[in-house]
Amino acid sequence: MRSILFSTAVLIGSSFGAFAETIEIEMLNKNDAGDRMIFSEELIRAEVGDVIRFVPTDKSHNAQSVKGALPENQEVFKGKMNKAVEYTVTETGLTAVVCLPHQAMGMVALVVVGDDLSNAEQVLDARIPGKGKAKIEALIEEAIATAPAADTSIDQNS
């Protein structure tokens with residue numbers, strides 16, 4: 001009986017990874033709408049366990065997290081120039097992603113994990129220069145506006 005329970009627990013625990021997705025985001029000089037220096041998706045919805053793969057479709061781009069603009073205990077990541085990088089989601093919350101050479105031009109993205117917006121103020125306080133800051137603000141507003149009705153609150157104590 002004990003081995004059946006153990007086997008069932010192992011099977012259930014190992015099946016969670018089977019539902020994880022790989023989300024591919026392109027780093028572009030220009031999209032079909034004519035926007036320049038842009039990620040193919042700027043508001044990225046994901047779940048814990050998903051892998052987000054940033055691909056340099058055009059040259060001179062990287063993708064990396066922003067110091068202070070990610071959930072507590074989520075590992076930071078920094079891709080090399082012209083190289084794909086994968087970001088494995090381990091925590092719920094918001095993560096700001098930038099292309100380092102083009103963040104001031106607005107090449108930023110926002111990862112929303114588990115519809116958790118509780119660290120929005122922390123992300124807003126992070127150091128993101130130029131148009132990137134305004135775009136992160138707009139992406140947070142969009143995330144709030146499109147969040148399921150269950151939890152659209154922002155922790156004001158952050």
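No experiment lies behind these values; they were computed from the predicted model shown.
Residue His61 holds its NE2 atom at 4.5 Å from CE of Met107, rounded to the nearest 0.5 Å. With rounding to the nearest 0.5 angstrom, the CZ atom of Phe39 is 12.0 Å from the CD atom of Glu26. In this structure, CG on Asn82 lies 12.0 Å from NZ on Lys80, to the nearest 0.5 angstrom. With rounding to the nearest 0.5 angstrom, the NZ atom of Lys131 is 12.5 Å from the NE2 atom of His102. The distance from atom CG of Asp50 to atom OG1 of Thr90, rounded to the nearest 0.5 Å, is 11.5 Å. In this structure, the separation between CZ on Arg45 and CD on Glu21 is 13.5 Å, given to the nearest 0.5 Å.
Between the side chain of Ser65 and the backbone N or O of Phe77 there is at least one donor-acceptor pair closer than 3.5 Å. Here the side chain of Asp116 pairs no donor or acceptor atom with the backbone of Val113 at under 3.5 angstrom. One N or O on the side chain of Asn31 and one on the backbone of Gly34 form a donor-acceptor pair closer than 3.5 Å.
Hydrophobic cluster membership of Leu28, counting Ile, Leu, Val, Met, Phe, Trp and Tyr whose side-chain heavy atoms lie under 4.5 Å apart directly or via other members: Ile38.
For the residue pair Gln74 and Glu91, the shortest heavy atom distance occurs at OE1-N, 3.1 Å. The two residues Ala96 and Ile128 come nearest to each other via the heavy atoms CB-CD1, 4.1 Å. Taking both residues in full, the closest heavy atoms of Met105 and Met37 are given as CE-CG, 3.7 Å, listed atom of the first, atom of the second, then distance. Of all non-hydrogen atoms in Ala20 and Gly49, the two that sit nearest each other are CB-O, 3.1 Å. Considering all non-hydrogen atoms of both residues, Ser60 and Cys99 come closest at O-SG, 4.3 Å.
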Worksheet item: Between Glu47 and Val89, is a side-chain contact (heavy atoms from CB on, under 4.5 Å) present by the stated rule, with each step listed?
Response: CA-CA 7 Å; Glu47 296 299 330; Val89 177; over 6 Å; no
Worksheet item: Is there a side chain to side chain donor-acceptor pair (under 3.5 Å) between Asn62 and Gln64 once you walk through the steps?
Response: CA-CA 7 Å; Asn62 84 320; Gln64 65 185 61; 2.9 Å; yes
Discussion item. Ile140 vs Val123, test: side-chain contact (heavy atoms from CB on, under 4.5 Å). Steps then yes/no.
Written reply: CA-CA 9 Å; Ile140 289 173; Val123 173; 3.9 Å; yes
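Around the NZ atom of Lys133, the shell of radius 6.0 Å holds more than 12 heavy atoms that belong to other residues, nucleotides or ligands. Glu75 CD: 12 or fewer foreign heavy atoms inside a 6.0 Å radius.
Hydrophobic clustering (ILVMFWY, side-chain heavy atoms < 4.5 Å, transitive): Ile52 and Leu110 are in distinct clusters. One hydrophobic cluster holds both Leu139 and Val66 under the rule that ILVMFWY side chains link at heavy-atom gaps under 4.5 Å. Placement of Leu124 and Leu117 within a single hydrophobic cluster is found when ILVMFWY residues are connected by side-chain heavy-atom separations under 4.5 Å, directly or transitively. Ile144 and Leu43 fall within a single hydrophobic cluster, where Ile, Leu, Val, Met, Phe, Trp and Tyr are joined by side-chain heavy atoms under 4.5 Å apart, directly or via other members. Under a hydrophobic clustering in which Ile, Leu, Val, Met, Phe, Trp and Tyr are joined whenever their side-chain heavy atoms come within less than 4.5 Å, directly or via other members, Ile44 and Val98 fall into different clusters.
Using a 4.0 Å cut-off between charged side-chain N and carboxylate O, Asp58 and Lys30 make no salt bridge.
Between Pro71 and Thr95 the shortest side-chain heavy-atom distance falls below 4.5 Å. Residues Lys135 and Glu42 form a side-chain contact, since some pair of their non-hydrogen atoms from C-beta on lies under 4.5 Å apart. Looking at heavy atoms from C-beta onward, Val48 lies in side-chain contact with Thr92 at the 4.5 angstrom threshold.
Taking the six-membered ring wherever Trp is involved, the centroid distance between the rings of Phe54 and Tyr87 does not fall below 6.0 Å.
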